[in-house]
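See below for the structure under consideration.
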Amino acid sequence: MVDLQSQYAKLQEEIDAAVLEVIRSATFINGPAVREFQANLEQYLGVKHVIPCANGTDALQIALMAAGLEPGDEVIVPAFTYVATAEVIALLGLRPVMVDVDPDTFNVTAELIEQAITPKTKAVVPVNLFGQSCDMEPIVEAARRHNLWVVEDNAQAIGADYTFSDGRRRKTGAIGHIGCTSFYPSKNLGAYGDGGAMYTDDDELAQKLRMVANHGQNKRYYHRLVGVNSRLDSIQAAILNIKLKRLDDYAAARQAAAHYYDNAFAGIEQLQTPKRHERSTHVFHQYTLIVKDGRRDELQAFLSNKGIPTMIYYPVPLYEQEAYRKSMANEMDKLPVTDALCRSVISLPMHTELDEEMLTYISEGVKGFFE
Ligand SMILES: *Cc1c(COP(=O)(O)O)cnc(C)c1O
């Protein structure tokens, strides 16, 4: 599904030197590499503050802690996402309210969010799934009308651009109050271990996020808040600094692979190739097809026999997961789009090192199934 070894081979000298430098200088925690990465990412994203942390799940948790929500407050999330999005909400004693997604982009929309708003709703966590932005302008407007926090889960879409109706462009994650991202190795900007970050333009909020991530202190041994311990270590920051310079090239390589797949599958009526939202670029964290004839699992087995790996993101709607069925206050209605997607999506290998030979082999394999 991903080829991190070939990607490393091309950066080996630079990465080895940067990692050794951290070890030789023994600046493992909060060293210069972390500050440098923070500044470089702020510049890349066009945001005032980046607050690094230990992983993407922590980023979401710290963001919701800094928002000062109270137990029982409702937070709206899509049901078609990775568990982390809802997990941190439940963990904080908040109530995840799951909504359906758009069948074309797999993302939540302002309409779906607005239908779920109650007097207890305090925040919404739109997820920029598979590498493209939610349609954020109407989401931000709805949130403003209802006085809600907008915490973007941008773990899968770092580097994508969203265009507002007036032509203004912003990086995904830099649109809501707080953006959260993950540097898990297979993410578009991946470390060689765990890592994450939050970003915001709000000075006061940035200070609070930094405080929560650091045991609730802004002065050593004076704890104003109950916080957590969540840091990006210097070795990971040094690696991310090198990979950040290539992030746009990596996105271009993913887009080229996606384009190849699109053309290869254009004539297969049983498949729906990924649709692009007109307001967002797509950085293809995943290339996800919909199998329309109900034979998704058969296709997966067929490809597996040919040595072609595929993944199902996600096989079960969040509201049907055992842990979340229990945490929901009311019996949930089924969400029809999420339900159908869980039964029909399949993701193909997608990474920065796919060459023509591999793309041909994979797409011929897929086409062979439908012949
Ligand atoms: C990967 C991911 C996360 C969590 O990131 P970790 O760094 O693994 O904690 C959260 N949300 C989404 C949508 C993700 O894909």
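Atoms within a ligand are numbered from 1 in the order they appear, just like the ligands themselves.
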| query | Going through the distances and angles, do Y319 and Y324 end up as a ring pair (Phe, Tyr, Trp, His ring centres under 6.0 Å)? | reply | CA-CA 6 Å; Y319 57 85; Y324 295 93; over 10 Å; no
| said: Applying the side chain to side chain contact (heavy atoms under 4.5 Å, CB included) criterion to L247, which one of L41, V283, L189, L240 satisfies it? | reply: L189
| said: Counting only nitrogen or oxygen atoms and a 3.5 angstrom limit, does D58 reach ligand 1? | reply: no
| query | For ligand 1, which atoms have a heavy atom of N55 less than 4.0 angstrom away? | reply | 7 (O), 9 (O)
| note | Filtering G190, G195, G56 for the heavy atom nearest atom 6 (P) of ligand 1 leaves G56
| request: Say whether S182, considering both its backbone and side-chain N or O atoms, lies within less than 3.5 Å of an N or O atom on ligand 1. | output: yes
| Close side-chain approach of T281 to T163, heavy-atom, < 4.5 Å | no
| What about Q156: any of its N or O atoms under 3.5 Å from an N or O on ligand 1? | yes
| request: Decide ring pair (Phe, Tyr, Trp, His ring centres under 6.0 Å) for F183 and F37; before the verdict, give the C-alpha distance in whole Å, the side-chain angles of both, and the deciding distance to 0.1 Å. | output: CA-CA 12 Å; F183 305 123; F37 174 61; 5.4 Å; yes
| query | In the protein, which heavy atom is nearest to atom 4 (C) of ligand 1, and how far is it? | reply | T57 OG1, 3.5 Å
| request: Determine whether the side chain, the backbone, both or neither of D153 has a heavy atom under 4.0 Å from any heavy atom of ligand 1. | output: side chain
| Checking side chain to side chain contact (heavy atoms under 4.5 Å, CB included) against T310, which of T288, I362, V366, L303 comes through? | L303
| message | Parallel, tilted or perpendicular, judged at 30° and 60°: which one describes the rings of F106 and F80? | response | perpendicular
| Which one holds for H285 and ligand 1: side chain close, backbone close, both close, or neither close, with close meaning a heavy atom under 4.0 Å? | neither
| message | Distance under 4.0 Å to a non-hydrogen atom of K187: what atoms of ligand 1 satisfy this? | response | 1 (C), 2 (C), 3 (C), 5 (O), 14 (C), 15 (O)
| Under the 6.0 Å and 45° cation-pi test, does R246 pair with Y250? | no
